[in-house]
Amino acid sequence: MRVLLVHGFLAPGALFWPLAKRLRTLGHLAEIFAYPSHRHDLDTHARELIERIRSLDTAVAVVAHSVGGLVLHRAVALAPDLPLARRIFVATPHRGCRMGRRARLSPIARFIPDAGKATAYGCEPSSHGAPTGILFGTRDLLVRPDEADLPGADARLGLPYGHNELVLRPSTAHALGRFLAHGLSFEDEDRLRDAVGRLS
């Protein structure tokens, strides 16, 4: 399956290199959508994402981490007909997160780019016909599990990792690979938890 990886706020695209390599090993055509998250607003990034998806000329699965998930929501809102085969949100603050609200109230708030400010209250979650899954870290201190939840998701899975650690772990790639291949379910959660110990 063609897979596009979308990073989060202030994270370099290189953060996704290990995940992209693991997904390729599982047979997926994974590539990274890198964008300047430290500049511009969600709409600007969303339009760039729309352009990139349409340039691939095929249905694509999008794996979006953190603010990258907000960019994906905005892209779907702007272009509901996007050819998406799967949508997977990883630690996305769909309706905002406490850490983002704290930062917005701090003295440094005026220096935070618009895309970063979106973490305070999130965005209106988009709906799309593609199977949708969420992954969250049970040890994530930036986006808590309840903040990463998305009502109506077809599958949800918590793994015992922190915010950026989620995209670096082999067990995350394993879970994503299963959802990309089969949709609707990441797989039996008990078996995956057993695998986490072996793959970490």
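No experiment lies behind these values; they were computed from the predicted model shown.
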Answer yes or no: is there a donor N or O on one side and an acceptor on the other, between the side chain of [X] and the main chain of [Y], under 3.5 Å?
| X | Y | answer |
| --- | --- | --- |
| T132 | A130 | yes |
| T92 | S66 | yes |
| R156 | L150 | yes |

Donor-acceptor side-chain pairing of Y35 and T44 below 3.5 angstrom: no
Does the side chain of [Y] come within less than 4.5 Å of [X]'s, by heavy atoms?
| X | Y | value |
| --- | --- | --- |
| L19 | L176 | yes |
| T172 | L135 | yes |
| F179 | L157 | no |
| R86 | H128 | no |
| P36 | H45 | yes |
| I32 | V6 | no |
| H65 | F89 | no |

- prompt: Roughly how far, to the nearest 0.5 Å, is the CZ atom of F136 from the CD atom of E147?
  reply: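 Nearest 0.5 Å value for the CD-CZ distance: 12.5 Å.
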- prompt: Does E31 pair with R52 as a salt bridge, N-O distance under 4.0 Å?
  reply: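 Salt bridge present between E31 and R52.
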message: With a 4.0 Å cut-off on N to O distance, would you call R169 and E165 a salt bridge?
response: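 A salt bridge is present here (some side-chain N lies under 4.0 Å from a carboxylate O).
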- prompt: F33 and H7: aromatic ring centres closer than 6.0 Å?
  reply: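 No, too far apart.
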task: Scan L78, V76, L70 and name whichever one has a side-chain contact (heavy atoms from CB on, under 4.5 Å) with R74.
output: L78
field: From CA spacing to verdict: salt bridge (Lys or Arg N to Asp or Glu O under 4.0 Å), D57, R2
entry: CA-CA 10 Å; D57 202 30; R2 197 73 178 264; over 6 Å; no
- prompt: What heavy-atom pair brings G137 and P145 nearest, and what distance separates the two atoms?
  reply: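 Heavy-atom minimum between the residues: O-CG, 3.7 Å.
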